[in-house]
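Residue numbers run from 1 in the order of the sequence given. This structure is a prediction, so every number in the text was calculated from the model and none was measured.
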Amino acid sequence: MDMSAQEIQEFWHGFCERQKVPAALRAEGDREIAADPEFWADHTMWDLVEKLKARKS
């Protein structure tokens with residue numbers, strides 16, 4: 001099933017709320033999803049969190 005960029009971001013926002021993802025990380029995730037929504041439609045939100053955290057290291 002294909003997801004729109006909006007649906008992916010809504011899923012991301014719900015994930016962030018459930019997992020208590022900090023607002024700054026959530027905003028970075030929004031930018032990642034906006035840049036390549038098709039890629040993130042095929043990956044887990046944990047993959048996105050790990051990618052964002054790796055940048056900070």
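The side-chain heavy atoms of His13 and Asp30, taken from C-beta on, include a pair separated by under 4.5 Å. With contacts defined as side-chain heavy-atom distances shorter than 4.5 Å, the pair Met45/Arg18 does not qualify.
Rounded to the nearest 0.5 Å, atoms CD1 (Ile33) and CD (Glu7) are 12.5 Å apart. Here the NZ-CG distance, from Lys20 to Leu25, works out to 15.0 Å after rounding to the nearest 0.5 Å.
The local environment of CD in Glu38 is sparse, with at most 12 non-hydrogen atoms from other residues, nucleotides or ligands closer than 6.0 Å. For Phe15, the CZ atom sits in a packed shell: over 12 heavy atoms of surrounding residues, nucleotides or ligands are nearer than 6.0 Å.
In this view, Lys51 and Glu32 satisfy the salt bridge (charged side-chain N to carboxylate O under 4.0 Å, His left out) rule, not counting sequence neighbours. In this view, Asp36 satisfies the side chain to side chain donor-acceptor pair (under 3.5 Å) rule with no residue, not counting sequence neighbours.
Summarising the geometry of Gln9 relative to Ala34, their closest heavy-atom pair is NE2-N, 4.2 Å, with the distance given to 0.1 Å. In this structure, Ala41 and Ile8 approach most closely via the heavy-atom pair CB-CD1, 3.5 Å.
Sorted by first and then second residue, the side-chain hydrogen bond (donor to acceptor under 3.5 Å, both in side chains) pairs with a member in residues 40-50 read Thr44-Asp47; sequence neighbours excluded.
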